[in-house]
*Asks:* 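Take this structure first; my questions come after.
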Amino acid sequence: MRRRRFDLPAVFELLLGVPTVLSSLLLVGLVGRAVVPERLWLFPVLWLVSGLVVFVPLMDRAIAVLALNLRGPTGKERAVLEPLLEEVCGAAGVDPVRYWLRIENSKEINAMAVGGHVVAVSTAALGLPARQLEAVLAHEVGHHLAGHTRISLLRWWYELPARAVVRLVVRTGAGVYGIGRRIGTWWALAASVVVIVGLAAVAVVASPWVLLVPVIAPLLALSSRRTELYADRISAELGYGPMLLEVLQRWVKQGHDEQRARAGLKARMLASHPSCAHRIRKLHEKERPSGRSLRA
């Protein structure tokens, strides 16, 4: 199978991150101006270069352990997963050594791809029949083949300063409001509101992207849903379409789509994954005789 890199939804996700990245660049530039005013370009350039860290394999391991709390597989778990991953990588024409297997301790059937190397499954997913579990692994490898995880990690890294400032402002504002409520007098509450408004103004000036969140957030979620469909498509092209359908149908029986429907319109707009019914419909379209072959 020919390798895919950076399909359209992934590139769209990167473009949607531009306002936040520019805010981060502005903040880094302000820090640089305070530290080395004679070289205004130094900190922004160093920050842009720092993005190369997401291509360092050790970064994937650090995120898997520190941010996602993923662990290495036991000997028994590795004996189950490694042969399946080898089969998937053989179908995709890539070396399985490049991927690191990790485990999420969870009672929910789940799997994820992280950075450029990590393929993780939940302990519940290990209970799937072997071919269904292989299809799940194929879906996650599909994310890696399409470059989805690398782009998401790169966007996350460049957005860190802007998001950190907004998070700091929100927490400070919540603290100020809490103090005002504990004091309990009208003037204390009024003063806390004035401070919160001032903090909000600072956040907007420092990170103007916050004004675009109501627009960007649904578009990012839409992009994420498209990447999931794309990974399904790669899994199907590798020959795992029928087994992936079985996994999705299992989720439907467990009520995943019903929970999604009860969540409301806003939650559906911000959902990172399409409904199981939509994914099933797209996979059925791939399997029609008039469509493309399951194997590329």
*Asks:* Using atom types as modelled and distance alone, determine if a side-chain donor or acceptor of Asp257 lies under 3.5 Å from a backbone N or O of Ala277.
*Replies:* yes
*Asks:* Take atom CZ of Arg71 as the centre, draw a 6.0 Å sphere, and report whether it contains more than 12 heavy atoms from other residues, nucleotides or ligands.
*Replies:* yes
*Asks:* Testing the basics here: between Arg268 and Arg225, what is the closest heavy-atom pair and its distance to 0.1 Å?
*Replies:* O-NH1, 3.4 Å
*Asks:* Go through it in stages, so that I can follow the logic: the residues are Ile109 and Arg250, the test is side chain to side chain contact (heavy atoms under 4.5 Å, CB included), and I'd like the CA-CA distance, side-chain angles, deciding distance and then a yes or no.
*Replies:* CA-CA 10 Å; Ile109 296 176; Arg250 176 191 291 262; 3.8 Å; yes
*Asks:* Given side chain to side chain donor-acceptor pair (under 3.5 Å), test Glu228 with His148 step by step and report yes or no.
*Replies:* CA-CA 9 Å; Glu228 292 300 323; His148 298 156; over 6 Å; no
*Asks:* Looking at every heavy atom in both Val28 and Pro44, which two are closest together, and how far apart are they?
*Replies:* CG1-N, 4.0 Å
*Asks:* Quick one, Val80 and Leu133 - any side-chain contact, counting heavy atoms below 4.5 Å?
*Replies:* yes
*Asks:* With the side chain counted from C-beta on, respond yes when Leu70 and Val65 share a heavy-atom pair under 4.5 Å apart, and no when they do not.
*Replies:* no
*Asks:* Between His284 and Arg281, does any side-chain donor sit less than 3.5 Å from a side-chain acceptor?
*Replies:* no
*Asks:* So do the side chains of Trp157 and Met59 get within less than 4.5 Å of each other, counting heavy atoms only?
*Replies:* yes
*Asks:* If you take all heavy atoms of Pro218 and Val213, which pair is closest and at what distance?
*Replies:* CD-O, 4.0 Å
*Asks:* Give me the atom names and distance for the closest heavy-atom approach of Leu84 to Ala130.
*Replies:* CD1-O, 3.8 Å
*Asks:* Taking side chain as C-beta onward, heavy atoms only, is Val18 less than 4.5 Å from Leu22?
*Replies:* yes
*Asks:* Crowded around Gln254 CD? As in, over 12 foreign heavy atoms under 6.0 Å?
*Replies:* yes
*Asks:* Less than 4.5 Å apart, side chain to side chain, heavy atoms only: is that true for Tyr230 and Arg226?
*Replies:* no
*Asks:* So do the side chains of Tyr158 and Ser24 get within less than 4.5 Å of each other, counting heavy atoms only?
*Replies:* no
*Asks:* Flag yes if more than 12 heavy atoms outside Asn69 fall under 6.0 Å of its CG atom; otherwise flag no.
*Replies:* no
*Asks:* Walk me through it: do His144 and Thr149 pass the test side chain to side chain donor-acceptor pair (under 3.5 Å)?
*Replies:* CA-CA 6 Å; His144 283 302; Thr149 49; 3.2 Å; yes
*Asks:* Check this for me: does any side-chain nitrogen of one of Glu134 and Arg131 sit under 4.0 Å from a carboxylate oxygen of the other?
*Replies:* yes
*Asks:* State, with a plain yes or no, whether a side-chain heavy atom of Ser50 is found less than 4.5 Å away from one of Trp47.
*Replies:* yes
*Asks:* Can you name the closest pair of heavy atoms from Gly116 and Tyr99 and give their distance?
*Replies:* O-CE2, 4.1 Å
*Asks:* Above 12 or not: heavy atoms from other molecules or residues under 6.0 Å from CZ of Arg181?
*Replies:* no
*Asks:* Could you grab the distance from atom CD of Gln132 to atom CG of Leu248, nearest 0.5 Å is fine?
*Replies:* 10.0 Å
*Asks:* Show, in sequence, the C-alpha distance, side-chain angles and deciding distance for Ser152 and Glu13, and conclude whether the side chain to side chain donor-acceptor pair (under 3.5 Å) test is met.
*Replies:* CA-CA 8 Å; Ser152 294; Glu13 176 186 343; 2.9 Å; yes
*Asks:* Okay, side chain of Ser106, backbone of Ser122: is any donor-acceptor separation there less than 3.5 Å?
*Replies:* no
*Asks:* Do Ile103 and Thr74 come close enough that some side-chain heavy atom pair is under 4.5 Å?
*Replies:* no
